[in-house]
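Right, one structure below, let's go through it.
Heavy-atom basis, side chains included; hydrogens, waters and symmetry copies ignored.
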Protein chains: 2
Amino acid sequence: MRAREPLDAEAILSATEDVLRRHGPAKATVVDVGRALGVSHAAVYKHFPSKTALREAVSRRWLNRDRDTLAAIARDTEIPPPQRLRRWLAALLVAKRAKAHDDPELFAAYKALVTEDSAAAVDHVADLLGQLETILTDGMTDGSLQRADPAETARAVFTATTRFHHPGLAGAWTEPGIDHELQVVCTLLLDGLRAARPTA
Amino acid sequence: MRAREPLDAEAILSATEDVLRRHGPAKATVVDVGRALGVSHAAVYKHFPSKTALREAVSRRWLNRDRDTLAAIARDTEIPPPQRLRRWLAALLVAKRAKAHDDPELFAAYKALVTEDSAAAVDHVADLLGQLETILTDGMTDGSLQRADPAETARAVFTATTRFHHPGLAGAWTEPGIDHELQVVCTLLLDGLRAARPTA
DNA sequence: TTGGTGACAGGTTTCAGATTATGTACTCTG
DNA sequence: CAGAGTACATAATCTGAAACCTGTCACCAA
């Protein structure tokens with residue numbers, strides 16, 4: 001209709017994020033996104049093939065926002081791997097809890113992605129597993145951790161801490177004992193990871 | 001209306017179970033339960049104070065049905081505690097998966113109970129924790145397991161295996177690698193439980 | 001040719017009005 | 001008088017027509 005600065009994917013993502021926050025994932029529509037940008041909803045479809053793709057892209061960006069904090073811990077060779085693992089898991093809980101609390105609408109969108117296991121969710125998990133694997137590999141290299149297959153072990157650690165990061169269980173993250181419980185589980189896992197290769 | 005053998009709680013529970021299986025937890029009504037018993041719905045209220053109480057009682061009975069299998073493993077002093085723990089957790093997964101698969105309607109009812117954490121669900125968890133504690137205590141007594149507080153450790157083991165028993169995550173129980181994954185997690189946990197009391 | 005528009009088909013959601021369910025009270029029977 | 005029934009108020013749920021959303025189109029502007 002009129003000359004505007006050309007719509008780009010980033011602008012659409014930001015607008016979508018706002019719309020999601022305002023209306024929640026259930027009520028947010030592509031028409032709303034268009035309206036927020038002063039544009040028809042068909043314009044949005046020039047940049048994203050579907051509403052699903054749009055939601056995925058928004059969640060991806062939202063998830064990647066505090067990815068670096070976590071990645072920095074995973075890569076921090078100053079901290080001995082066992083402690084690093086502990087800190088990383090604690091930071092993961094803190095980050096997830098903050099997201100769930102501060103941004104419930106976007107968290108709900110992310111949760112939906114996980115339950116229908118969309119590519120964005122799968123990639124997010126793969127990323128986290130990779131970070132875990134980094135820590136474990138470092139530990140195996142410097143001898144502070146024992147077991148052999150880092151990928152399998154990373155998955156086991158991730159699985160054993162499901163309670164603290166799976167969005168479907170977010171309800172429990174506000175319970176008072178949760179941080180302590182994570183510590184106990186961490187200790188148990190670390191004891192296992194440090195143990196000499198067992199007999200059975 | 002006519003002389004019948006007097007309605008008792010057990011008969012109501014069985015009828016409710018049938019109705020739940022036929023209609024699912026969302027559509028099952030107290031009137032249906034009455035109809036199944038050839039009785040008015042008000043008669044049901046003579047025995048149960050509310051529909052919620054009735055659903056809880058049904059789930060309780062349904063959950064207790066294979067409780068003994070599990071309890072038998074927990075108590076089997078023939079098996080060394082570490083192996084016993086492994087078997088118990090495997091049996092728990094098998095039992096839960098069977099329930100989810102063979103009885104989806106009642107499983108859904110149970111899942112609902114867990115998400116609104118009703119007394120029945122809480123009691124069920126407490127029961128399982130008690131069984132875990134038995135195994136751990138036995139292991140600590142005979143020296144095959146090391147750590148100190150059995151209740152706290154039981155909770156940690158239960159938490160670390162959330163993925164394999166929480167009804168909200170039942171979707172993942174049919175994935176092919178799940179049994180192997182449980183084995184890996186078990187091994188990790190057992191290594192931790194057997195480890196000499198660690199330094200950090 | 002990329003990025004935009006308005007109109008539209010088909011499927012889904014919504015909302016008000018009608019139906020059905022829950023839970024209580026009082027009645028009836030053995 | 002214990003236990004079942006009928007009647008009923010209130011809350012929840014269904015239904016169907018209207019509104020609305022998604023995704024596509026043919027067309028337009030720079």
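- Atom pair D8(A):CG and dG4(C):C1' shows a separation of 15 Å (rounding to whole Å applied).
- Taking every heavy atom of residues 104-114 of chain B and every atom of DNA chain C, no pair lies under 4.0 Å.
- R67(B) pairs by the salt bridge (Lys or Arg N to Asp or Glu O under 4.0 Å) definition with D127(B), not counting sequence neighbours.
- In this structure, L169(A) belongs to a hydrophobic cluster whose other members, linked by side-chain heavy atoms under 4.5 Å apart, are L169(B).
- Residues passing the salt bridge (Lys or Arg N to Asp or Glu O under 4.0 Å) test with D76(A): none are found, sequence neighbours excluded.
- With sequence neighbours excluded, the residues satisfying salt bridge (Lys or Arg N to Asp or Glu O under 4.0 Å) with E10(B) are R61(B).
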Contact pattern, 5' to 3', of nucleotides 7-30 of chain D - B, S or - by protein heavy atom under 4.0 Å: -------S------SBBB------
Show every donor-acceptor pair shorter than 3.5 Å between a side-chain atom in residues 23-30 of chain A and any protein atom, with sequence neighbours excluded, or say none if there are none.
unit_1: H23(A); atom_1: ND1; unit_2: V19(A); atom_2: O; d: 3.3
unit_1: T29(A); atom_1: OG1; unit_2: V31(A); atom_2: N; d: 3.3
unit_1: T29(A); atom_1: OG1; unit_2: D32(A); atom_2: N; d: 2.9
unit_1: T29(A); atom_1: OG1; unit_2: D32(A); atom_2: OD2; d: 3.2

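- When the side chain to side chain donor-acceptor pair (under 3.5 Å) test is applied to E133(B), no partner is found at least two apart in sequence or on another chain.
- Put simply, CZ on F48(A) is 16 Å from C1' on dT2(C), counting in whole angstrom units.
- Evaluation of the ring pair (Phe, Tyr, Trp, His ring centres under 6.0 Å) rule for H165(A) yields F158(A) as partners, not counting sequence neighbours.
- Terminal axes of the helix from dT1(C)-dA30(D) to dG30(C)-dC1(D) (five pairs each, C1' rotation axis) are separated by 20°, to the nearest 10°.
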Which donor-acceptor pairs under 3.5 Å do side chains of residues 105-117 of chain B form with protein atoms, sequence neighbours excluded?
unit_1: Y110(B); atom_1: OH; unit_2: K96(B); atom_2: NZ; d: 3.0
unit_1: T115(B); atom_1: OG1; unit_2: K111(B); atom_2: O; d: 3.4
unit_1: T115(B); atom_1: OG1; unit_2: A112(B); atom_2: O; d: 3.0

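- Looking at S144(A), its side chain never comes within 3.5 Å of a backbone N or O of M140(A) through a donor-acceptor pair.
- Evaluation of the salt bridge (Lys or Arg N to Asp or Glu O under 4.0 Å) test over residues 41-53 of chain A, restricted to residues two or more places apart or in two chains, returns none.
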